[in-house]
Amino acid sequence: MKTSEDLKQILERIDHRGYPAYKDTRGVYQFGTYILGIDHVQGDPFAAPSRLHIQVAGRAVRIPKELYDSKHKKTAVADYLLRNFAKQLERHSFQAYGSGKSGIIQVTRCGQEVLERTACEIDEKTGDVIVRFEVGFPARGRTIQAGELVKILYQYLPACVEKALYYKNMDRNAVKQAAELSVDQEYIREQLKKEGLVAFVADGSILPRESGVSQRPMKDAVPFASPDSMRITMKLPYKGMLTGMGIRKGVTLIVGGGYHGKSTLLKALESGVYPHVAGDGREYVVTDDTAMKIRAEDGRSIRHTDISMFINDLPNGKDTYAFDTEDASGSTSQAANVIESMEAGTQVFLIDEDTSATNFMVRDELMQQVIHRDMEPITPFIERVRELYREYGISTVLVAGSSGSYFQIADQIVQMDKYVPKEITELAKKAAADYPVLKFPEEKPKEPSYDRKVRRNPGIRQKGRVKLKTMGRDAIMIGHETIDLRYVEQLVDSEQLNTLGQIVRFLEEEIFDGKKTLGQAVEQAEKLLDKRGPAGMCEGNIVPGNLARPRIQEIYACMNRYRKLGTPQEREGIEYESHCRKCKKNTVKDVRRHGYQTDDRQDQGDIV
């Protein structure tokens, strides 16, 4: 390993040379009690900044081991260190001058959620702290200004490390509170399972957000106050006694007038699958961590998904046991979202009437009389929701503002009145008794099949590399293929999409072999994530500092929207896993002849 003096000599040697000479600085250097690594040097001052990392020895950091001796505490303390380091870097960013991005010093900007990130990691064995960040290497035009980089590396960074990463200089009470809050949040999550709850919303929580583009709590918002009939009390390890609303397993309906807080409550429940920082207002809003927001998603891709629980006997003869389309309708997309979430292990569906397909959610009595059940291929969700709970243990929390049909089948009904919840189950059931009883199909559907074997896409690597790009929280580009994730609403950070892109590459190149199912492949990736974190998905020895871990539900959601997933390749030499259902042959020609097609370009059948 080289020393800090070696780096200074290199900088003196390349000063005032052309910008590419900066590449001579790549390497690892010892700076007293920490190591500085220059992992990637930008091509010119206008390109993305250079990537660096600092590793501080545990004996220098000296964070007490009891503050990071469990996974959730380690994540919370790393999150605190990262936010603290970011504040210190902000003071020095652009203090060194030059062209383009010269002088920028930046690290991941954390949101309100506490996520496992590669930007800051704590080694549970040694106590070492690693932070990964970016620096714009200074230049005038495209001429190296080594003196300005010396300021950054030898003045600004040591000061930031000293103030942000050494326990002796931290706000020790704040670090302790971050770890203790994570313990309390994890305790609530464990209590949900023991008490038969799907979610808990603490009294005093601030659920409304500042604006549509800010996740900070709204000033002067109405604090949450649970209805007496739903109030429960928990004794947390550190906070002590805490009261709040417990939403029990089963079917829960949230109703009320417009702008009274129905969707705000549901949004808080969606976000409650992640822990939040102190002061967010939702730090004690905790939802079953498998919960999934279900919505209609017109135009999405669906790959060989068994949606027969909800859709059957389509007029065009399409097979709904292995449904395949490039352009799903609202009802078929929502049906696929339900089945795919079941495959991902979801135990709670979160649904808002506003973002659902009406014909998927309900059919009223008059419509059933005019359009007989035999003429309608869609079995609405209202006719399956009780069965999903009884047979599969999957609860549903549904926001409804216009349809009262769900009153009959709901276990508990909550009315939001000016952001204040009231339980009206008895009142609503009494009103519903005056209406005709809902009729349900006599036949129970078979359990959906998840036996989708997946093949490798040979074109993912071009010119020796896989090109990955993310567009905020909206999409991932892999080569020329775009995975649209706009409507996977529980993705809260763009860095989760960075990780998803790496996961797609990893599965394509390392796991998909035509023999494993999608579920088996995703489970294998999840085990590696548990073992090595988001870094386990990367190729090479250099770990990017812009990865955050998504849940397994989001991994499934990403793969199910990947249009190259399991796509049959129509060329000689391909062996198909299955065959045409009608003539039991294996050729593309037979599948075409008997009408098992998704569209003009792609064959249906049993091909995977």
Side-chain angles (χ1 to χ4, degrees), residues 115-116 270 273-274 287-297 300-307 309-310 322-325 328 332-351 388 392-394 447-457 470 473-476 478 481-493 496-508 510-512 516-530 534 536-537 548-567 608:
L115 303 175
E116 182 181 350
E270 290 173 31
V273 298
Y274 303 108
T287 309
D288 183 307
D289 57 8
T290 68
M292 196 71 182
K293 172 69 182 296
I294 303 295
R295 59 166 294 159
E297 201 172 336
R300 64 153 287 195
S301 164
I302 298 175
R303 281 285 174 265
H304 311 299
T305 303
D306 182 357
I307 60 172
M309 178 181 281
F310 297 100
F323 190 77
D324 206 329
T325 183
T332 54
S333 63
Q334 198 160 356
N337 287 342
V338 169
I339 301 302
E340 291 163 358
S341 297
M342 291 171 68
E343 183 181 12
T346 294
Q347 289 297 294
V348 186
F349 291 146
L350 305 173
I351 303 176
L388 286 168
Y392 304 99
I394 300 175
E447 183 174 354
S449 169
Y450 309 124
D451 188 25
R452 294 184 289 167
K453 292 184 173 64
V454 281
R455 292 182 178 278
R456 183 171 296 143
N457 170 21
T470 58
R473 288 185 297 169
D474 289 345
I476 303 167
I478 302 178
E481 185 66 31
T482 301
I483 305 176
D484 188 348
L485 297 171
R486 285 174 298 168
Y487 301 121
V488 183
E489 297 182 19
Q490 286 165 290
L491 285 169
V492 294
D493 196 295
Q496 290 178 303
L497 275 75
N498 293 338
T499 308
L500 288 171
Q502 295 287 351
I503 290 171
V504 175
R505 181 208 61 77
F506 173 77
L507 292 176
E508 281 280 24
E510 306 291 338
I511 307 298
F512 289 169
K516 293 185 182 73
T517 64
L518 177 63
Q520 291 168 336
V522 171
E523 290 292 341
Q524 197 165 334
E526 183 72 4
K527 286 179 182 177
L528 189 56
L529 283 167
D530 286 338
M537 295 295 107
R549 183 169 178 176
R551 300 182 303 153
I552 191 171
Q553 283 75 23
E554 276 72 51
I555 299 175
Y556 272 100
C558 176
M559 298 310 301
N560 283 314
R561 286 158 181 76
Y562 180 38
R563 293 180 185 270
K564 296 288 186 182
L565 180 69
T567 301
V608 291

When you compare the side chain of [Y] with that of [X], does any pair of heavy atoms fall below 4.5 Å?
X	Y	result
Gln553	Val488	no
Met342	Tyr450	yes
Thr346	Glu340	no
Cys558	Val504	yes
Phe349	Val338	yes
Tyr562	Arg303	no

Look at the side chain of [X] and the backbone N and O of [Y], then say whether any donor-acceptor pair between them is shorter than 3.5 Å.
X	Y	value
Arg300	Asn560	yes
Glu270	Gln490	no
Arg505	Met537	yes
Asp306	Pro448	no
Arg456	Phe512	yes
Asn337	Arg295	yes
Glu481	Ile478	no
Ser301	Arg561	no
Ser341	Ile339	no

Looking at [Y] and [X], is any side-chain nitrogen of the basic one under 4.0 Å from a carboxylate oxygen of the acidic one?
X	Y	value
Arg563	Asp484	no
Arg549	Glu554	no
Arg473	Asp493	no
Glu508	Lys564	no

Do you know the tightest heavy-atom contact between [X] and [Y]?
X	Y	result
Pro534	Leu529	CA-CD2, 3.8 Å
Ala525	Leu507	CB-CD2, 4.0 Å
Ala335	Phe310	CB-CB, 4.0 Å
Leu350	Ala291	CD1-CB, 4.1 Å
Thr499	Pro550	CG2-CD, 3.8 Å
Ser333	Ala328	CB-CB, 3.9 Å

*Evaluate side chain to side chain contact (heavy atoms under 4.5 Å, CB included) for His304 paired with Leu518, printing each intermediate quantity in order.*
CA-CA 11 Å; His304 311 299; Leu518 177 63; over 6 Å; no

*Criterion side chain to side chain contact (heavy atoms under 4.5 Å, CB included) on Leu491 and Leu500, from CA distance to verdict*: CA-CA 10 Å; Leu491 285 169; Leu500 288 171; 3.9 Å; yes

*Any luck finding a side-chain donor-acceptor pair between Thr290 and Asp288 under 3.5 Å?*
yes

*asked:* What I want to check is whether the side chains of Asn498 and Thr470 have a donor and an acceptor closer together than 3.5 Å.
replied: yes

Distance from [X] atom [atom1] to [Y] atom [atom2], nearest 0.5 Å?
X	Y	atom1	atom2	value
Arg452	Gln520	CZ	CD	12.5 Å
Glu343	Met559	CD	CE	11.5 Å
Leu497	Ile503	CG	CD1	10.5 Å
Gln334	Tyr487	CD	OH	13.0 Å
Lys453	Lys516	NZ	NZ	12.0 Å

*Could you check Tyr274 against Leu115 for side chain to side chain contact (heavy atoms under 4.5 Å, CB included), going step by step and ending with a plain yes or no?*
CA-CA 8 Å; Tyr274 303 108; Leu115 303 175; 3.6 Å; yes

*Who are the side chain to side chain contact (heavy atoms under 4.5 Å, CB included) partners of Asp289, not counting sequence neighbours?*
Arg189

*What residues form a side-chain hydrogen bond (donor to acceptor under 3.5 Å, both in side chains) with Thr332, not counting sequence neighbours?*
Ser329

